[in-house]
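Have a look at the structure below, then the notes.
Start at 1 and go down the list; that is how both ligands and their atoms are numbered.
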Amino acid sequence: MSELKYPFLDLGVINAPFAGALKEAAARVIDSGRYVGGGECADFEAALAAHTGTAYAVGVSNGLDALRLIFKSYIELGRLSKGDAVMVPANTYIASVLAITDSGLTPVFVEPDALTHNLDTSRLEAAMTPAVKAILTVHLYGRPCYDEALASFAARHGLIIVEDNAQAIGADAATPSPRGTTRTGSLGDAAAFSFYPTKNLGALGDAGAVTTNDEELARTVRALANYGSDTRYHNIYQGYNCRLDPVQAAFLLAKLPYLERETAHRRRLAAIYDSEIDNPAVHKPLVDDPDRAVWHQYVLTVEERDAFRQYLADNGVGTDIHYAVPPHKQPCYIAFAELQLPVTEYLASRVVSIPISSGTSEADARAIAGIINRFNQ
Ligand SMILES: *Cc1c(COP(=O)(O)O)cnc(C)c1O
């Protein structure tokens with residue numbers, strides 16, 4: 001247990017309401033005698049595909065592997081080639097970029113919008129090069145990053161759209177996809193999900209999934225995740241072992257029915273923060289459609305961030321930073337260190353996330369807003 005009165009995120013607290021169902025789910029797997037693949041995985045995949053509105057969902061080991069398997073599948077299918085470039089927001093979590101470079105592809109970093117924190121789709125055309133063959137849109141902090149500008153840009157240049165949906169399960173875009181869907185994970189050609197314990201739908205360990213309407217892609221992802229085999233002991237690709245663990249699948253099946261309720265709670269907390277935080281030193285996120293976002297994080301921008309975090313900690317409020325160092329400034333990407341990405345660097349130096357989970361009550365959110373309003377006053 002955290003010592004703070006308002007911890008940033010306490011996973012024990014948020015899973016406590018599910019303890020009975022989770023223990024029953026684990027017992028079901030133990031008693032089944034089937035510990036890789038099996039009915040729990042198939043049932044969770046069916047539930048996730050239905051929730052997302054796609055024809056296929058393939059359970060995999062984690063969110064990074066979901067992204068890697070998508071890119072590697074497109075390469076196996078000849079729809080991408082090593083050396084192709086992929087546009088990606090410069091202020092994303094590094095896993096988005098790791099998946100691109102691990103697949104032999106080159107990231108083209110595009111600046112975010114300083115107010116929405118999502119990729120600034122008005123910058124796509126200027127960032128276009130002949131090598132770009134795909135765009136990895138990231139629904140950062142649970143806010144859909146899909147609009148008319150992005151969809152028409154991708155269509156005009158024949159780009160594959162991959163969604164990094166690790167933070168946005170259950171969100172809806174204001175702009176429908178060409179198929180008429182709005183749910184994130186159904187908007188592009190393929191999408192990656194993460195069920196890392198801190199995500200909106202969190203497993204009790206690592207887990208992830210790929211969704212798509214493309215039968216060939218789904219089949220390729222599933223084969224690559226299973227040693228590259230299409231049938232037992234018959235390997236058509238040099239694959240990996242990136243399967244979804246059935247214990248995690250059983251946990252996720254138990255929790256998925258409550259996701260909408262939890263999202264509604266996050267939206268209520270966001271609405272409280274939006275209406276009650278009023279301090280000229282603290283900038284709230286700009287969200288046109290607060291009830292389409294799923295509020296994985298509620299991210300403020302504050303110039304005096306260190307002082308603000310210390311003040312909040314002194315007043316019992318936990319915070320976190322998503323993310324302090326952008327991918328192009330990480331030691332592993334020294335080749336990109338000289339890129340000029342001022343919006344990304346501005347955000348990296350100012351963003352601070354405040355509590356927004358089922359462990360935070362509406363009364364807590366009002367108290368936190370009051371504490372924030374007394375900062376520097
Ligand atoms: C969490 C996350 C990932 C990686 O997911 P893992 O399951 O932790 O591998 C990828 N992209 C984004 C935006 C994430 O937040």
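For ligand 1, the atoms lying closer than 4.0 Å to a non-hydrogen atom of Gly63 are 5 (O), 6 (P), 7 (O), 9 (O). Numbered from 1 in the order shown, with element, the atoms of ligand 1 that lie under 4.0 Å from a heavy atom of Ala95 read 3 (C), 4 (C), 10 (C). Below 4.0 Å from some heavy atom of Ala166 lie the following atoms of ligand 1, by number and element: 2 (C), 3 (C), 10 (C), 11 (N), 12 (C), 14 (C), 15 (O). Against a heavy-atom cut-off of under 4.0 Å, Gln167 is close to the following atoms of ligand 1: 13 (C), 14 (C), 15 (O). Taking every heavy atom of Asn62 and a limit of under 4.0 angstrom, the matching atoms of ligand 1 come to 7 (O), 9 (O).
For a threshold of 3.5 Å applied to N or O pairs, the pair formed by Ser194 and ligand 1 contains at least one separation below that value.
With salt bridges taken as basic N to acidic carboxylate O contacts below 4.0 Å, none links Arg143 and Asp289.
The heavy atom nearest to atom 8 (O) of ligand 1, out of those in Phe195, Phe193, Tyr196, is found in Tyr196. Across Leu98, Asn165, Asp164, Val60, heavy-atom proximity to atom 12 (C) of ligand 1 is greatest for Asp164.
Residues Ser229 and Asn235 have side chains that never bring a donor and an acceptor to within less than 3.5 angstrom of each other.
Closest protein heavy atom to atom 1 (C) of ligand 1: Lys199 NZ, 1.5 Å.
The aromatic rings of Trp295 and Tyr298 sit parallel, their planes meeting at an angle under 30°, below the 60° perpendicular limit.
A centroid separation of less than 6.0 Å is found between the aromatic rings of Phe195 and Phe44.
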Side chains of residues 247-260: which donor-acceptor pairs under 3.5 Å do they make with residues two or more places apart or in other chains?
unit_1	atom_1	unit_2	atom_2	d
Gln248	OE1	Leu204	N	2.9
Gln248	NE2	Leu204	O	3.4
Lys255	NZ	Asn15	OD1	2.6
Lys255	NZ	Gly202	O	2.8

Show every donor-acceptor pair shorter than 3.5 Å between a side-chain atom in residues 338-345 and any protein atom, with sequence neighbours excluded, or say none if there are none.
unit_1	atom_1	unit_2	atom_2	d
Gln340	NE2	Glu338	O	3.4
Thr344	OG1	Glu111	OE1	2.7
Glu345	OE2	His328	NE2	2.7

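If you look at Leu64 next to ligand 1, the close heavy atoms, those under 4.0 Å, come from the backbone and the side chain alike.
The closest donor-acceptor contact from the side chain of Thr54 to the backbone of Asn213 lies at 3.5 Å or more, if one exists at all.
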